[in-house]
Amino acid sequence: QVQLVESGGGLVQAGDSLRLSCAASGRTFSSYDMGWFRQAPGKEREFVAAIRWSSGSPYYADSVKGRFTISRDNAKNTVYLQMNSLKPEDTAVYYCKARRPGIDYWGQGTQVTVSS
């Protein structure tokens, strides 16, 4: 069982930066692929970024590539999402996800609002 708690969201202006954190419980955090997803009002949840447990390789949606950076600290059981050059279209609830084959865990989400 893994419990995920996101933090770091807030209200910012276009062009600003935010860093989201996702703290995970459980002793096997390092064996999970970790990802960030977001859901804007009236839209489906979409993939933002992910990082492999084995290689640490990051993956990004085209819409955030070059602006967002995902990283993880296995010693702190935490995954981060550094978001730079934020745009109004980045406004959404951001969710953290832990994944192993056949098992997904989600956090409760943190709101990010970017004003123009």
Side-chain angles (χ1 to χ4, degrees):
Q1 186 80 9
V2 174
Q3 291 185 324
L4 305 172
V5 179
E6 301 98 332
S7 62
L11 172 62
V12 298
Q13 293 187 331
D16 286 351
S17 298
L18 276 176
R19 188 176 80 156
L20 305 183
S21 299
C22 173
S25 64
R27 293 175 291 179
T28 60
F29 170 79
S30 61
S31 66
Y32 285 81
D33 294 336
M34 300 298 298
W36 288 95
F37 291 72
R38 66 187 182 187
Q39 187 166 18
K43 295 187 177 181
E44 293 187 352
R45 192 171 297 188
E46 65 175 4
F47 168 76
V48 176
I51 186 164
R52 299 281 191 186
W53 75 269
S54 55
S55 64
S57 298
Y59 301 88
Y60 299 97
D62 288 343
S63 59
V64 306
K65 202 171 292 183
R67 299 188 298 123
F68 290 10
T69 303
I70 188 171
S71 62
R72 64 190 298 163
D73 186 336
N74 289 336
K76 295 183 178 179
N77 280 10
T78 302
V79 62
Y80 304 97
L81 185 68
Q82 178 66 43
M83 306 186 295
N84 298 330
S85 302
L86 282 162
K87 304 176 181 180
E89 51 264 43
D90 294 319
T91 295
V93 177
Y94 283 71
Y95 297 90
C96 177
K97 176 183 173 181
R99 179 179 183 276
R100 287 175 67 178
I103 303 174
D104 288 339
Y105 297 101
W106 291 91
Q108 84 291 346
T110 185
Q111 176 71 46
V112 172
T113 303
V114 185
S115 63
S116 57

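- Under the side-chain contact (heavy atoms from CB on, under 4.5 Å) rule, W36 has a single partner from I51, V64, V79, which is V79.
- Ring geometry, F47 versus F37: the interplanar angle exceeds 60°, so the pair is classed perpendicular (tilted spans 30 to 60°).
- One N or O on the side chain of E6 and one on the backbone of G109 form a donor-acceptor pair closer than 3.5 Å.
- The side chain to side chain contact (heavy atoms under 4.5 Å, CB included) search around A49 returns Y60, I70, L81, not counting sequence neighbours.
- Taking the salt bridge (charged side-chain N to carboxylate O under 4.0 Å, His left out) definition, one finds that R45 meets it with nothing, sequence neighbours left out.
- Applying the salt bridge (charged side-chain N to carboxylate O under 4.0 Å, His left out) criterion to D90, with sequence neighbours excluded, gives R38, R67.
- With sequence neighbours excluded, the residues that form a side chain to side chain contact (heavy atoms under 4.5 Å, CB included) with V12 are D16, L18, L86, V114.
- Residues passing the salt bridge (charged side-chain N to carboxylate O under 4.0 Å, His left out) test with K65, sequence neighbours excluded: D62.
- With sequence neighbours left out, Y59 forms a ring-ring contact (aromatic ring centres under 6.0 Å, His included) with no residue at all.
- Contacts classified as salt bridge (charged side-chain N to carboxylate O under 4.0 Å, His left out) and involving residues 100-116 (residues at least two apart or in different chains) are given here: K97-D104.
- Remark: T78 engages S21, A23, K76, Y80 in a side chain to side chain contact (heavy atoms under 4.5 Å, CB included) (not counting sequence neighbours).
- Among residues two or more places apart in sequence or in another chain, the side chain to side chain contact (heavy atoms under 4.5 Å, CB included) test is passed with Q3 by S25.
- Connectivity analysis of hydrophobic side chains (ILVMFWY, heavy atoms under 4.5 Å, direct or indirect) links V5 to nothing; its cluster partners are none.
- Sorted by first and then second residue, the disulfide (SG to SG under 2.5 Å) pairs involving residues 44-77 (not counting sequence neighbours) form an empty list.
- Checking T91 against E89 by side-chain atom types alone, no donor-acceptor pair falls below 3.5 Å.
- Grouping the Ile, Leu, Val, Met, Phe, Trp and Tyr side chains by contacts below 4.5 angstrom, directly or via other members, places I103 apart from W53.
- Screening residues 43-91 for disulfide (SG to SG under 2.5 Å) gives no qualifying pairs among residues at least two apart or on separate chains.
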